[in-house]
Amino acid sequence: MLGKYLDKFCAGLRILLGVMMGALAIPVAMQVVSRYTGLIPTYLWTEELATFLFVWIVMIGSIVAVWDGTHFDVRITRNAMRPLPRLFQDGIVHVAIMIFGAFFLFYGIEYTEFGGNQRSVMMRANLAITHISVPIAGGFWFLLSGYRLSEAIAKYLNRESSQT
């Protein structure tokens, strides 16, 4: 049941990513046109806006990647074919993501408070706008990876009970 809601949530994030990528094209196009053609004046706020959007795109994309299992992980052994070693391999990855997620959540709160005391140079926007993406992403990494770990354990236990 929870998995269905999380899947819908990540589908919404994918739509949001598409919208943000489209929005990112506008300030980047303005920068290119102004720098190389001189048709419009150079607006420095476009660079800040592009940076803000890019930070959020990366963090939201990482949340979706954790849910889809397309995040980066390193396998130091071959992919296991048997259920228990496979659970162990996947479990290590999920636990590592959960640890990093907890760090990002915990220390990201202080990082956001630090950003809340600063303003961007051109737009004068509070930098907490981008800094808050760190603890939000960390919290979702922890939640989604924990859910995937529980799924892997349940799959292993169901497989074991069906074989006996």
Side-chain angles (χ1 to χ4, degrees), residues 1-28 31 43-77 79-80 84-157:
M1 180 98 158
L2 178 61
K4 194 186 320 183
Y5 290 118
L6 291 174
D7 199 38
K8 287 181 181 181
F9 172 71
C10 286
L13 289 181
R14 286 184 195 92
I15 293 168
L16 179 62
L17 281 171
V19 169
M20 291 176 79
M21 287 297 291
L24 179 63
I26 295 167
V28 170
Q31 289 176 12
Y43 297 111
L44 297 179
W45 61 266
T46 57
E47 192 165 335
E48 281 185 0
L49 181 60
T51 302
F52 292 171
L53 285 168
F54 186 72
V55 167
W56 273 101
I57 288 168
V58 168
M59 292 311 225
I60 293 171
S62 70
I63 294 168
V64 173
V66 167
W67 177 249
D68 290 343
T70 56
H71 52 75
F72 176 74
D73 67 64
V74 177
R75 300 288 173 146
I76 56 173
T77 60
N79 280 340
L84 185 60
R86 182 69 185 179
L87 173 64
F88 185 71
Q89 281 181 335
D90 292 342
I92 288 173
V93 171
H94 291 304
V95 168
I97 292 171
M98 289 176 70
I99 290 169
F100 277 102
F103 277 124
F104 270 61
L105 177 60
F106 182 76
Y107 292 109
I109 293 169
E110 184 179 333
Y111 179 63
T112 301
E113 290 171 355
F114 171 72
N117 295 326
Q118 299 179 27
R119 298 222 171 260
S120 66
V121 176
M122 298 292 15
M123 293 178 15
R124 303 300 302 154
N126 190 319
L127 290 181
I129 292 170
T130 56
H131 290 192
I132 198 160
S133 66
V134 173
I136 289 172
F140 279 110
W141 296 344
F142 187 87
L143 173 75
L144 298 176
S145 215
Y147 181 80
R148 289 296 190 201
L149 178 61
S150 70
E151 276 187 332
I153 291 169
K155 181 179 175 184
Y156 172 75
L157 292 176

For [X] and [Y], indicate whether the former's side chain and the latter's backbone hold a donor-acceptor pair under 3.5 Å.
| X | Y | answer |
| --- | --- | --- |
| R148 | W67 | yes |
| E48 | S120 | no |
| T112 | A128 | no |
| Y111 | H131 | no |
| H71 | V66 | no |

Any side-chain heavy-atom pair from [X] and [Y] closer than 4.5 angstrom?
| X | Y | answer |
| --- | --- | --- |
| E113 | I109 | yes |
| R86 | N79 | yes |
| L143 | L6 | yes |
| F52 | L24 | no |
| L105 | F142 | no |

Does [atom1] in [X] sit with more than 12 non-hydrogen atoms of other residues, nucleotides or ligands closer than 6.0 Å?
| X | atom1 | answer |
| --- | --- | --- |
| E110 | CD | no |
| L49 | CG | yes |
| F54 | CZ | no |

Indicate yes or no: does D90 engage K155 in a salt bridge with an N to O separation below 4.0 Å.
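Between K155 and D90 there is no salt bridge, as every charged N stays at least 4.0 Å from the carboxylate O atoms.
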Distance-only donor-acceptor pairs under 3.5 Å for side chains of residues 133-140, two or more places apart:
{"from": "S133", "atom 1": "OG", "to": "T130", "atom 2": "O", "distance (Å)": "2.6"}

If you measure from [atom1] on [X] to [atom2] on [Y], what distance do you get to the nearest 0.5 Å?
| X | Y | atom1 | atom2 | answer |
| --- | --- | --- | --- | --- |
| M21 | L53 | CE | CG | 10.0 Å |
| R119 | N126 | CZ | CG | 5.0 Å |
| L144 | D7 | CG | CG | 10.5 Å |
| W45 | Q31 | CH2 | CD | 9.5 Å |
| L16 | C10 | CG | SG | 11.5 Å |

Give every donor-acceptor pair under 3.5 Å between a side-chain atom in residues 95-102 and any protein atom, sequence neighbours left out.
none

Taking all non-hydrogen atoms of both residues, which atom of I63 and which atom of W141 are closest, and how far apart?
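I63 and W141 have their closest heavy atoms at N-NE1, 3.8 Å.
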May I have all residue pairs that pass salt bridge (Lys or Arg N to Asp or Glu O under 4.0 Å) and include part of residues 128-142, sequence neighbours excluded?
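Matches after skipping sequence neighbours: none remain.
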